[in-house]
Structure formats: C-alpha cells, structure tokens
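Just below is one structure, and these are the notes that go with it.
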Protein chains: 2
Amino acid sequence: MPGPVQSIERAAAILRLLARGSGRLGVGEIAASLGLAKGTAHGILRTLQGVGFVEQDKASGKYQLGATLLHLGTSYLDVNELRSRAINWADALAARSGEAVWIGTPLDGKVLIVHHVFRPDDSLQSLDVGALLPLHATALGKVLLAYDAQAAAALPESGLEPLTRRTLVSAAALKRELAKVRELGFAADVEEATLGQASIAAPIRGYGGLVVGAISITGAVDRLCPASGRPDPVLAGSVQNAAQMISRDLGAGRW
Amino acid sequence: MPGPVQSIERAAAILRLLARGSGRLGVGEIAASLGLAKGTAHGILRTLQGVGFVEQDKASGKYQLGATLLHLGTSYLDVNELRSRAINWADALAARSGEAVWIGTPLDGKVLIVHHVFRPDDSLQSLDVGALLPLHATALGKVLLAYDAQAAAALPESGLEPLTRRTLVSAAALKRELAKVRELGFAADVEEATLGQASIAAPIRGYGGLVVGAISITGAVDRLCPASGRPDPVLAGSVQNAAQMISRDLGAGRW
DNA sequence: ACCAGAGTTCGACAATGTCGACCGGCATAC
DNA sequence: GTATGCCGGTCGACATTGTCGAACTCTGGT
C-alpha cells in the first residue's frame, strides 16, 4: 500500500504527546521527544495552531491543545452509533439500579468512556466522558478483554499497573478472571480501580455478534456486593439485560 | 513566514467537514467538497484512520470521526485554564441561583461551551460541553461580542439565523443590544435561543483585562425574569460577581 | 553586560505527497 | 442474467512540498 502521510502522523503524535503530557510543552521538548528537527516541529505546530488544534501561551511561548479539538471530540459522540443507541437503555439502567452507568469502547489498549449517566440521587459527580481507563483494573475493561483475544494477547505478562492494593497485577490471575467472565457473561471489579467502589459490566455486541463495547454500573461496594464480596446477581442481571437490549438495537442477531 | 503544512491543513479540513456533515461521508464526497483528487483524499483518510482520528464503516466504506478525538477533546478540558479556574465558582453560582451554569469561550465565530453545571434540583439534562452556540442569539455570545470589536465586526449585516421568533436578526438591533450590554456589564437573552428559556451572562477577563470567556445561568423565563420580562437584578448580580471572582483568579488586574 | 536557553526564521535539497488514470466489487437497471 | 454506473482502493511518475540544520532574536538569569 502507498505510504501514509508522514506530516499528518507527526502532527497526530504531537497532539497525543500534548494530551499525555497534561500541560504545556515547548518546541524543543516536542522535537526531542519525537526525534524531529526543531524547525520541523515548529512548522507543524504553527499549522496546528492555524487550524485551532493547538494554542500557544503568549507568555511562555509553550503550546497546549486547542479548543477546536473539544468540538471535534463531542461531534464524535454525535455520530457514535454505540452511544446513540445505548443512551436510552443507560438511563433506564441507572434508574433501576440507582447507580452511575458508564458505556465504554476499546481504544488503543484502554477503555474509552463514551457515555456516563450520573447516579440518580446525588448530582455532585464529575463527568468522565472521554476518559481512558485501564483494561485490567475495571469491569468494563475485563469484559472487553474477555471477548477480544487480540486485546488480551497484547497485554504484558507482568507489570500491570496497580491502582489499588486489590488490582490484579499478574497475568495468570487476570487470565483466570477472564475465563470466569466468559463463563458468567459479566465482569466485576471490587475495589480494583478505586477503594470503596465496585463495578459490574456486561458486553455489548454489534453486527455479527462482535463485542464493540461494554456497559457497567459503578457504586459503593456495600451496595453492589451485599455481603460475601460477590456482586449482587440481581444487579448483574440488570446490567446484562441492558447490554442485550443495546446489542439487539445494534443488529447483533440472536446474541 | 515559511508556508504552513498543506497536508495537515487538508486533514483538518476533512475532520471539520466530517464534524459538520453530522454523519458518514464517502471518499468521493470529501474529495469533491475540498477540491482534491480522490486519491489524495484517500491517502489522507487512510492516515487519519491509522492514528484513530477517523473510523471507517466496514459495511458502507464511508468515513466518520474517530474515538481518539474524543480523548483529545477532553484532554483539552484538563489544560484549559479558564475552565479549571472557573469550576469552583460555577458550582457556587449554580447552588446560589438554582439554575444551570455554562461557561463559554469564543471559537471561530461561535461560542464553545467548555463547562456545564447541571441545575441543582433535577438531573435529567443533557450535557452541552463541546457544543457550539451562535454569538448573536445567546447571552454568552452577546457578552463576547460586546467586548470584542473584532468579532462584532465580523458579523454579517443581515441574515443572522433566527432560532426562535424572538431572535435578533437585524444588525442594528444587535448593535443597540451590545451597547446596552457594555453599559450594564451583563447580557441577557429571553427566548432568543430556545422558547421558554432565558439566560444571563457576564464577561470573564484574563490577564490584561482582555475578555477571554463568559459565564451564564440558564433557566425558565419566569424564574430568571420575574415579571416585566427584564432579568432579575439579583441574579444578574450573582452572575457578575462570579465572573469577577474568576477574572481575579485569572490575574485580570483591577477589573 | 554577558551568557544560556527559549522560540522563530531562512534557504537549499530531495524526499515526499499529490495527481489522474486504472482496477475490482457491489448494487441497480434493464 | 447481463450490462452499467458508482464507489472505494491502487499504482506510478512528476514536481511540489516539507524537511533539515544553521543562524537569528528575544527574554531572563547570573
């Protein structure tokens, strides 16, 4: 196949760098990180600035992400079929379970949150749409791993980052967990991402039965796992049911 | 100055086209819209696909925005200084006024919503962060216009799009309105964007006193304009006060 | 006042992306 | 069932285009 356009790849690399670096970066730092000449990096940055993808802090001369990206990002939400089909079911699930609902899709070895319904009762919660969560420490991620052999194979054998003292960090333990997920049809995490919080997730299938995302509820451990430290089967059933309804809307056939 | 990088500009144009087009587009349509050869458009699209900025629908072969953009967009929120300084004050304003709060910044002849606090009482509201609102029909936009001569000059003399039957569509009427905004120090719109809804907005100033954004409350007309169809001065004062606090945090000097 | 480091500019080279014609499917029309 | 258009994808030659690296300027610190 004919070559991809290098300058665009480089521009994308710069944007990702700025997103990861969580702050402003200078031309020199960017050029060094990507192995480019300073002048080259500058030219790309100036172009990105012209289209509004990056902004320059006039005081320090450093660069950061630009406002246009926010608009493009939310425009993505409008065309995302998974999200638009799932919204109604997510609201219903939140109402029935009384917990916050997330919908996630795999992105580059992480889980991207594409929808978030606040827990019905109190409304002082931060919005997590657009956030990237690790695959191995969240119920959403475990579901995606369990039904995507490719993603599972790409996981490192060790060195999984522990978010809490309960995070699974060994590949063997995770593998057992994934087998259990496939057997039960849903995944759970109990204080593996955040202390005091648990989640239950189920797979969403698209056309052809392929798993394209997952839906989960998240809340306090004692509500999701009443006694015994195992997820409440009624709640798990609700999540699975919501996932099935969404899958049906997506044309997933008889799954 | 040395030329900007064309391929990046073209890639950005494609992304904007996809964001505007609100749906999937084919290679041919994109190439025609931008005056490019089909092969060229294809190469750029394939590169954008490689970096996750666009996705291809396998069934139809058409392209749409990609998930990576969502993550980049929300990463922008993390580094946006206006938003991060304003969040606490926005929460306080929402609590005191009992209304939904927006924070907006100018972007390319529109208002970009960078923060949104739900109305405290009921929580069944859609999230508008990332949305682009017109300048002439919203309180946020009027504030930005009133204090940015350049943006005001760029407005068309006529042909302002009417969103409701109360939207100001003549340049003269808008001009008078902006003069009033400058005099009072805040802007209002009463059913000019959505029937039954009103807003009150005040300018946020950054370093040097420059207006960098605006904050507003939005709610039912009878709550914001109790009798007489004019905005409640107490609520307007609250909005102005929040704007001043944020401006101070941004280092706006004595404004 | 000097120096160090930042972002920015400049010009030449050739690597790079662009163009336009060509292929292969799929769907529709006849 | 065949023909036909449409659409996405491919390929190779040309020259436009982006890249490099050195030189410039300005700010801030010493």
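Just so it is clear, the structure is predicted and the values come from calculations on it, not from any experiment.
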Which is more 5' along DNA chain C, the nucleotide nearest A:L25 or the one nearest A:I8? Just name the residue.
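Final value for this comparison: A:L25.
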What is the separation between atom [atom1] on [X] and atom [atom2] on [N], rounded to the nearest whole Å?
| X | N | atom1 | atom2 | result |
| --- | --- | --- | --- | --- |
| A:E9 | C:dA15 | CD | P | 18 Å |
| A:L45 | C:dA6 | CG | P | 15 Å |
| A:R24 | C:dA6 | CZ | P | 17 Å |
| B:Y63 | D:dG9 | OH | C1' | 8 Å |
| A:K62 | C:dG5 | NZ | P | 14 Å |
| B:H42 | D:dG12 | NE2 | P | 15 Å |
| A:E29 | C:dT8 | CD | C1' | 16 Å |
| A:Q56 | C:dG7 | CD | C1' | 8 Å |

* Could you measure between the two P atoms, the one in D:dT16 and the one in D:dG12, and give it in whole Å? =>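 That atom pair is separated by 22 Å.
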Donor-acceptor pairs under 3.5 Å, side chain of residues 131-146 of chain A to any protein atom, not counting sequence neighbours: which ones?
unit_1 : atom_1 : unit_2 : atom_2 : d
A:H136 : NE2    : A:E161 : O      : 2.7
A:T138 : OG1    : A:P134 : O      : 3.0
A:T138 : OG1    : A:G141 : N      : 3.0
A:K142 : NZ     : A:E177 : OE2    : 3.0
A:K142 : NZ     : A:A188 : O      : 2.8
A:K142 : NZ     : A:E192 : OE1    : 2.7
A:K142 : NZ     : A:E192 : OE2    : 3.3

Against the side chain of B:V27, the closest entry in D:dC20, D:dT10, D:dG8 is D:dG8
The complete set of salt bridge (Lys or Arg N to Asp or Glu O under 4.0 Å) pairs with one or both residues in residues 63-79 of chain A, sequence neighbours excluded, reads none
| request: Give one of base, sugar-phosphate or nothing for A:G39, where a contact means two heavy atoms less than 4.0 Å apart. | output: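 Answer is base: heavy atoms of A:G39 come under 4.0 Å of a base.
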Once you apply a heavy-atom cut-off of 4.0 Å, does A:S7 come out as touching a base, just sugar-phosphate, or nothing?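 Result for A:S7 = sugar-phosphate.
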Are side-chain heavy atoms of B:Y63 and B:H42 found at a separation under 4.5 Å?
yes
Fill in: Close side-chain approach of A:I8 and B:F53, heavy atoms under 4.5 Å
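Not touching, per the 4.5 Å side-chain cut-off.
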Heavy-atom nearest pair, A:L155 first then A:L160, reads CD2-CD2, 4.3 Å
Side-chain H-bond candidate by donor/acceptor type, A:S216 with A:S199, under 3.5 Å: no
query = Is the number of heavy atoms from other residues, nucleotides or ligands within 6.0 Å of CG (B:D108) greater than 12?
reply = no
Could I get a table of every N or O pair under 3.5 Å where one atom is in the protein and the other is in nucleotides 23-29 of chain C?
none

query = Within the structure, does a side-chain N or O atom of A:R46 lie under 4.0 Å from either OP1 or OP2 of C:dG7?
reply =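 For C:dG7, OP1/OP2 do not have a side-chain N/O of A:R46 under 4.0 Å.
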